[in-house]
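To start, the structure itself, in structure tokens.
Letters go in sequence order (proteins before strands), and every chain restarts at 1.
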Amino acid sequence: RRYAHTGAKWDRREITWKIRNYSPDLTTSEIIDALRNALQIWGDAIPNTFRRVHVGSADIEISFSVGLHQDDYPFDGPGGTLAHAFFPGDDLGGDAHFDDDEQFTVNAYEGTNLFIVAAHEFGHSLGLGHSSEITSLMAAFYQGYKPNYELPYDDHVGIQSLYGARQGSIPSLPDVPIAGAPPGPPRPDLPVPNTPEPGPDPHCANSYNAIAKIRGELMLFKGKSFWRMNMKGEPLEGYPIDTSRFWDQLPVKLDAAYERIDDKILFFKGSSYWEYFSTNRDPSFPHPIRELGLPDDIDAALPWGDTGKTYFFKGDLYWRYDEIKKEVDSGYPKKVADNWDSAVPSNMDTAFRFIDVETKTWYTYFVRSKKYWRFDESRGKVDKGYPRSFSEDWMGC
Amino acid sequence: APATSTNEPGDEDAASPANLVTPVQLRSGYNYLTKYGFLPKPNPLAGSLLSHEEFNEGIRAFQEFYRLPVTGVLDQSTSSLMELPRCGLPDIMP
């Protein structure tokens, strides 16, 4: 379950906004600050900028009204519907209307927090529909006042799939937790480190540490960088970015990563593994991989659809782990060559499954250094013509 | 060879007497489901007779969307979510 696109988006970087009138509940500057912060919560994630205009029309026009107002969707008095907005487009497109029968407040738990309602409606103004992820900003229900609000993962993923990621760097946290330091997202108030620019074409890295399908998208990890791919397997604009921009204290140079059947995301490095819920690290980790009944370190992890089985690879051996019983199935490890295909490489870097959207065929891909092998699951064989160059076929190098 | 995919069928609870709703709840449930895209908008030219099963189907769609237990009846968790203040846009776009 996750965010929803409406297909509408602004095709320009700078988006204008204008306040048509004000609610009597707050001072003018309280309203302006709340609305500006609500736009900026999106602006921090995407390359677009928001410019306030005072005269003429704007992309996003904001107004406070009661009952029947200038569209076909009358408000309903206190409670119930708090606001609504229109998806990107001409005229009403992008506009956000707030029900002034609510008692809007700022920085308080009482009343209806204008910032959080506005941030949600501006998600619509930018092209997002309602998300079924109940903890996301774009879930339809009022979430109440939340100090130091951060854009949740689902919304982050959703808006960046529409507009790409904002370039520029945000200070990264040390990749080893400081004893006693509370976990938490990056702190923008730290000075920006002068991280050296990645090489001439960051997409064309020679190899990748880990590739995993997470929330339906392919994510590639290499060193401290990570990429996201769209449904067609093309890199999203604005990537790679620094993992610390997205994940909470993620180690660098991973060995493997995968999304488990319970939506948790697991990362493996050396003899340890970490468990994340969305981008937040479970503070009780790392744990030793050995507790799973696996060897001290692994090359790749491959979840197998919704069967609850996950394959782990190391050298020329593989294990089948049962996520429900939380143990390795009996009879493992086995030889990869005996049960998959002798063409499947040993000592692989990573493995992942991906569906060919045209033919609706599932393939498993094994990657080692610059090469990849495509394993046709229906035939149980590596397709002819493989290995091929991963960067050429997948990263457009 | 890798294991094949198995899907567990969901277990559909039949409406139980404990969940019978009042006509007022039924009407507001219907309005809510229609407004937010879980039931089709009535055709103004042809009136709107809605079968009980269609109404339950709308509730089921709402429950699935928000990962509630899919009972197909207007039970407590469903109606308390419906009572929350919210955005006026539909959840499911036409």
Side-chain angles (χ1 to χ4, degrees), chain A residues 1 4-8 71 73-76 78-87 96-99 102 112 117 120-121 123-124 128-134 137-144 302 304-311 318 320 322 329 338-341 353 362 364 375 377 380, chain B residues 1-11 24-45 57-72 74-94:
Chain A
R1 298 292 182 183
H5 289 162
T6 58
D71 60 30
Y73 307 97
F75 285 134
D76 55 358
T81 300
L82 305 178
H84 54 225
F86 295 84
F87 302 119
H97 302 166
F98 296 83
D99 182 352
E102 313 303 339
T112 302
V117 174
H120 172 97
E121 298 308 329
H124 292 316
L128 287 179
H130 281 159
S131 170
S132 50
E133 173 56 59
I134 205 82
L137 174 60
M138 290 314 292
F141 305 103
Y142 175 66
Q143 308 190 26
L302 181 67
W304 200 258
D306 55 5
T307 64
K309 304 282 186 185
T310 302
Y311 293 95
Y318 75 100
R320 190 174 77 186
D322 187 309
D329 285 340
D338 294 347
N339 291 282
W340 291 73
D341 181 340
R353 295 179 77 214
W362 279 95
T364 296
F375 176 84
E377 295 177 5
Chain B
T4 53
S5 169
T6 52
N7 277 330
E8 297 296 325
D11 35 355
V24 168
Q25 282 172 322
L26 210 59
R27 164 56 60 190
S28 73
Y30 169 77
N31 289 344
Y32 188 99
L33 293 169
T34 307
K35 178 176 180 178
Y36 295 114
F38 296 97
L39 279 177
K41 283 209 179 355
N43 176 346
L45 300 176
E57 206 42 53
I59 291 178
R60 205 170 279 127
F62 176 82
Q63 289 165 339
E64 270 178 19
F65 191 91
Y66 284 113
R67 275 198 216 165
L68 295 173
V70 180
T71 61
L74 206 54
D75 53 32
Q76 184 56 49
S77 59
T78 305
S79 44
S80 37
L81 198 58
M82 285 183 175
E83 281 153 19
L84 285 179
R86 56 165 290 159
C87 170
L89 255 66
D91 298 331
I92 297 181
M93 292 303 150

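With a 4.5 angstrom heavy-atom cutoff, A/Glu121 touches chain B only via side-chain atoms. Only the side chain of A/Phe87 comes within less than 4.5 Å of a heavy atom of chain B; its backbone N, CA, C and O stay farther away. Both the backbone and the side chain of A/Phe141 come within contact range of chain B, judged by heavy atoms closer than 4.5 Å. Only the backbone of A/Ala83 comes within contact range of chain B, with at least one heavy atom under 4.5 Å from a heavy atom of that chain.
A pairwise comparison of heavy atoms in B/Cys87 and A/His84 identifies SG-CA, 4.4 Å as the closest pair. Of all the heavy atoms in B/Tyr66 and A/Ala140, the pair that sits closest is OH-CB, 3.4 Å.
Between chain B and the options A/Ala85, A/Pro78, A/Gly305, the largest number of non-hydrogen pairs under 4.5 Å is found for A/Ala85.
The distance from the CZ atom of B/Arg86 to the CG atom of A/Leu82 is 9.5 Å, given to the nearest 0.5 Å. Here the straight-line distance linking atom CG of B/Leu89 with atom NE2 of A/His120 works out to 7.0 Å at 0.5 Å rounding.
By the 4.5 Å heavy-atom criterion applied to side chains, A/Glu102 and B/Pro85 are not counted as neighbours. Counting heavy atoms from C-beta outward, A/Ile134 and B/Arg67 have side chains that stay 4.5 Å or more apart.
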